[in-house]
Amino acid sequence: MKVLDTISFQKDLLSWYDYEKRDLPWRKENDPYRIWVSEIMLQQTKVAAVIPYFYNFMEKFPTLLDLAEAEEDEVLKAWEGLGYYSRARNLHAAVKEVRDQYGGIVPDTEKEIKSLKGVGPYTAGAILSIAYNVPAPAVDGNVMRVLSRIFTIYDDIGKDTTRKKFEQIVRDTIAEERASDFNQAMMELGALICTPTSPACLLCPVASHCAAREEGVQEMLPVKAKKKAARSVFLKAIVLKNTQGEYLVERRPDTGLLAKFWQFPFLETEKDGEFAAFLQQWGIDLEQVEYKEHIRQAFTHLVWEIDVYTVEVNHLTPAENQQVLTPSLLKELVFPVSHQKIVEKIEEEY
DNA sequence: TACCCGTGGAC
DNA sequence: TGTCCAAGGGT
């Protein structure tokens with residue numbers, strides 16, 4: 001592996017960062033709680049998507065204690081639409097643990113912080129370095145992309161051992177006195193300059209240190225194994241409305257995909273015959289329902305293909321996991337994005 | 001290790 | 001339209 005002039009690299013990187021760093025809401029104060037929340041929100045999520053959620057979240061839960069004392073449904077509602085909802089549940093649980101076990105102070109040791117729910121190798125390093133300036137590696141996708149190019153490392157970045165290799169490189173390279181800025185600068189460089197496609201090498205402050213640039217292979221890196229294609233699941237959903245203008249919704253199971261979210265009843269099928277049998281539980285015939293639209297919701301590992309139907313009935317009796325609600329009460333509940341699209345059309349079209 | 005877990009934007 | 005993927009973690 002090539003030898004890096006560490007001091008020169010640090011200087012070039014940090015000088016650029018001092019001048020070019022973005023003005024982001026979680027960079028305004030050095031509150032470990034705010035930094036923690038931002039890091040969880042930023043997991044697999046773009047900065048632009050996080051910003052409005054971060055402002056709203058901080059307004060609702062300004063301090064760690066505010067969040068610790070909130071109801072889970074309230075926390076999930078603030079997370080609705082951001083995705084990966086276990087992040088919200090884990091953060092909520094972890095914040096309670098910090099309140100109870102650490103006197104409300106976010107711990108500053110690697111062992112303690114990694115023991116918190118939802119805090120893995122990256123997030124532990126990010127909080128330690130950004131909040132406490134501890135020289136710990138915070139290796140995310142950006143950092144692996146930047147370093148794979150600097151050193152022309154062709155290891156598959158999807159593998160755990162590869163991340164550990166990059167963590168060791170960061171330990172050897174990090175600016176000890178400016179650990180916070182160094183880690184953030186590496187990520188900032190990955191986000192703004194050393195992008196996945198068409199990296200802006202002509203604008204790169206560390207281009208002179210970059211082996212991939214020298215060899216012209218920057219577009220080949222990093223190496224990442226292809227993921228399996230997502231499988232499609234075909235669903236038929238029914239929006240049931242009674243003569244009072246109320247709607248039937250049901251709660252998803254406590255675990256798994258979109259746990260505890262609300263949805264309109266649906267059946268996993270493409271066949272009208274099976275759908276007809278499904279509708280019989282409300283005494284409805286297939287001829288009574290009206291097809292409204294098709295909604296596609298793509299997850300990382302599967303795709304929902306939803307045909308949406310509506311029907312109006314005289315009376316609706318909710319089962320144990322169901323509710324019959326007015327539109328305004330419906331909007332208080334947490335729905336998957338695909339079903340939010342239905343909720344938005346309720347009253348006018350549905 | 002491989003799979004599960006969301007969403008919206010870029011290309 | 002399809003594909004990829006973004007400051008990952010849990011199991």
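Since the structure is predicted, the reported quantities are computational estimates derived from the model, not experimental observations. Residue numbering restarts at 1 for every chain, and letters A, B, ... go by the order of the sequence lines.
What separates NZ of A:Lys117 from C1' of C:dG9 is a distance of 13 Å, to the nearest Å. Straight-line distance from the OH atom of A:Tyr53 to the P atom of B:dG8: 7 Å, rounded to whole Å. One interatomic measurement links the two molecules: CG of A:Leu42 to P of B:dG8, which rounds to 17 Å at whole-angstrom precision. In this structure, the CZ atom of A:Arg87 is 9 Å from the C1' atom of C:dG8, given to the nearest Å. Regarding A:Glu167, its CD atom lies at a distance of 13 Å from the P atom of C:dG8, rounded to whole Å. Atom OH of A:Tyr122 is separated from atom P of C:dA6 by 14 Å (rounded to the nearest Å). The interatomic distance linking A:Arg163 (CZ) with B:dT1 (P) rounds to 10 Å, in whole Å. Atom pair A:Lys114:NZ and C:dG8:C1' shows a separation of 13 Å (rounding to whole Å applied).
Taking all atoms of both residues into account, the shortest heavy-atom contact from A:Ile238 to A:Phe264 is O-CB, 3.8 Å.
Counting non-hydrogen atoms of other residues, nucleotides and ligands closer than 6.0 Å to OH of A:Tyr291 gives a total above 12. Within a 6.0 Å sphere centred on CD1 of A:Ile105, heavy atoms belonging to other residues, nucleotides or ligands number 12 at most.
Residue A:Trp26 is in base contact, counting any heavy-atom pair closer than 4.0 Å across all strands shown. Nucleic acid contact for A:Ala298: base, since at least one base atom lies under 4.0 Å from a heavy atom of the residue. In this structure, A:Asn183 reaches neither bases nor backbone, as no heavy-atom distance under 4.0 Å exists between it and the strands shown. Residue contacts for A:Gly190: at a heavy-atom cut-off of 4.0 Å it reaches no nucleic acid atom on any strand shown. A:Ile127 comes within contact range of no nucleotide atom at all, as no heavy-atom separation falls under 4.0 Å. At the heavy-atom level, A:Arg252 lies nowhere under 4.0 Å from the strands shown.
A:Thr123 has a side-chain polar atom (N or O) that falls below the 4.0 Å cut-off from OP1 or OP2 of C:dG9. At least one side-chain nitrogen or oxygen of A:Gln44 sits closer than 4.0 Å to the OP1 or OP2 atom of C:dG8. Taking only side-chain nitrogens and oxygens, A:Arg89 never comes nearer than 4.0 Å to OP1 or OP2 of B:dC5.
Residue order along DNA chain C, read from the 5' end via each residue's closest nucleotide, puts A:Val47 first among A:Val119 and A:Val47. Residue A:Leu302 is the one, among A:Lys341 and A:Leu302, whose nearest nucleotide of DNA chain B lies closer to the 5' end (criterion: closest heavy atom). Comparing A:Ser86 and A:Gly158, the nucleotide of DNA chain B nearest to each residue sits closer to the 5' end for A:Gly158. Position along DNA chain C of the nearest nucleotide to A:Glu39 versus A:Gly118 favours A:Glu39 as the more 5'-ward residue.
For B:dG6 and C:dT11, the P atoms lie 14 Å apart once the distance is rounded to whole Å.
The side chain of A:Arg296 approaches C:dG2 more closely than any other nucleotide in the set C:dG9, C:dG2, C:dC5. Listed candidates were B:dG8, C:dG9, B:dG6. Nearest to the side chain of A:Val337 is B:dG8. For A:Lys46, counting side-chain heavy atoms from C-beta on, the closest listed nucleotide (B:dG9, B:dG6, C:dG10) is B:dG9. Distances were taken from every side-chain heavy atom of A:Tyr84 (C-beta onward) to each of C:dG9, B:dC5, C:dA6; the shortest belongs to B:dC5. Relative to the side chain of A:Leu258, the nucleotides B:dG6, C:dG8, B:dA2 differ in distance, and B:dG6 lies closest. Set against B:dA2, C:dA6, C:dG10, the side chain of A:Lys159 has B:dA2 as its closest nucleotide.
When each of A:Glu80, A:Glu72, A:Glu250 is paired with A:Lys260, the salt bridge (charged side-chain N to carboxylate O under 4.0 Å, His left out) condition holds for A:Glu72 and for no other.
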CA sep, side-chain torsions, deciding dist, call: A:Arg22, A:Glu188, salt bridge (Lys or Arg N to Asp or Glu O under 4.0 Å): CA-CA 8 Å; A:Arg22 290 169 291 180; A:Glu188 198 83 340; 3.0 Å; yes

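A donor-acceptor contact closer than 3.5 angstrom links the side chains of A:Arg87 and A:Thr45. Side chain to side chain, A:Asp66 and A:Thr63 meet the donor-acceptor criterion of an N or O pair below 3.5 Å.
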